[in-house]
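A quick write-up on the structure given underneath.
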Amino acid sequence: MRPRLLFVCVENSCRSQMAEAFARLLAGDGVEAASGGSRPSGVVNPRAIESMAELGYDLGAHRSEGLDDVPPGPFDAVVTMGCGDACPHVPARRREDWEVRDPKDLPAEEFRAVRDDIRRRVAALLADLGVAGRAKATGPGGPAGA
C-alpha cells in the first residue's frame, strides 16, 4: 500500500500546494498526496502556479481546499507548514512541522528559494518513508505534457 501524505497550511494556496505537487512530481503513483488549509483562500496563488510551471508542473489544476475536503485518514505523514496553532491536529503515524516562510509576498528569487526548500524537504520525507522516485507524476496537476 502506498503512503498517504497530507500537507497543511492556513490558506492552502501556496506552501502546502507546492509540497503536494512535489510529492506527486517526485514519487508519481508511489504516494497518495493531498493538501488542505485550516482557513483556505479558495484560490491557488498565481505565483505558486508560475513557479511550479518553471519545473514543468501544472499547479493550476489544483484547488485550494479546507481540511474537511481532504479524504479522511489515516495518514502515514501529516506535515504542517509553519502555520503554528492555526493548523489543527490531524491524526497520523508521523507528524512534522516545517517552519517554512510564507513566500507569497517575497521577491521572485526568494519565492523560488522557498519553493526549492520545500522540494528538498519533500524529497527527504519521501526517502525517509522509503518511497522511490518516479519518472513522472500522475493525477491532477501532473507535469506539463504528461
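Small disclaimer: the values here were computed from a predicted structure and weren't measured.
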Exercise. Could you go through the side-chain contact (heavy atoms from CB on, under 4.5 Å) check for V79 and D97 one step at a time?
Key: CA-CA 6 Å; V79 177; D97 183 37; over 6 Å; no
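- Going from atom OG of S16 over to atom CE of M18 covers 9.0 Å, rounded to the nearest 0.5 Å.
- Using a 4.5 Å heavy-atom threshold, the side chains of L125 and E96 count as touching.
- For the residue pair L129 and A77, the shortest heavy atom distance occurs at CD1-CB, 4.5 Å.
- Both V100 and L106 are assigned to one and the same hydrophobic cluster, defined by single-linkage of ILVMFWY side chains at heavy-atom distances under 4.5 Å.
- Taking CG from D76 and CD from E32, the interatomic distance works out to 9.5 Å, rounded to the nearest 0.5 Å.
- Between M81 and D102 there is no side-chain heavy-atom pair separated by less than 4.5 Å.
- A heavy-atom distance below 4.5 Å is not found between the side chains of E65 and P40.
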Quiz prompt | Check against side-chain contact (heavy atoms from CB on, under 4.5 Å), V78 and R94 | solution = CA-CA 6 Å; V78 171; R94 175 181 181 152; over 6 Å; no
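- In this structure, E110 places its CD atom where more than 12 heavy-atom neighbours from other residues, nucleotides or ligands lie under 6.0 Å away.
- Separation of atoms CG (L6) and CZ (R4) is listed at 8.5 Å; rounding is to 0.5 Å.
- Inspection of the Q17 and N12 side chains reveals an N or O donor paired with an N or O acceptor under 3.5 Å.
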Quiz item: Given R47 and K104, is the side-chain contact (heavy atoms from CB on, under 4.5 Å) satisfied, shown in steps?
Solution: CA-CA 7 Å; R47 294 182 67 211; K104 69 180 177 183; 5.5 Å; no
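- With no hydrogens or angles considered, no side-chain donor-acceptor pair links S13 and N45 at under 3.5 Å.
- Using a 4.5 Å heavy-atom threshold, the side chains of E20 and V122 count as separate.
- By the 4.5 Å heavy-atom criterion applied to side chains, P103 and C14 are counted as neighbours.
- Separating the CG atom in L25 from the CZ atom in R119 is a distance of 6.0 Å, to the nearest 0.5 Å.
- One distance of note links OG of S51 with CG of L59; it measures 9.0 Å at 0.5 Å rounding.
- Of the charged side-chain nitrogens involved, at least one lies within less than 4.0 Å of a carboxylate oxygen, so that R121 and D117 count as a salt-bridged pair.
- Of the N and O atoms on the side chains of E11 and S41, not one donor lies less than 3.5 Å from an acceptor on the other residue.
- Here the CZ atom belonging to F22 is positioned 14.5 Å from the CG atom belonging to L5, to the nearest 0.5 angstrom.
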Practice problem: Begin from the C-alpha positions of R63 and V44 and carry the test side-chain contact (heavy atoms from CB on, under 4.5 Å) through to its verdict. | Solution: CA-CA 6 Å; R63 291 183 23 234; V44 177; 5.7 Å; no
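- Between F7 and W98, the ring planes are tilted. Angles from 30° to 60° get that label.
- Heavy-atom contacts from other residues, nucleotides or ligands closer than 6.0 Å to CD of E54 number more than 12.
- Closest non-hydrogen pair, G30 versus V131, comes out as O-CG1, 4.0 Å.
- The shortest side-chain heavy-atom distance between F111 and D105 does not fall under the 4.5 Å cut-off.
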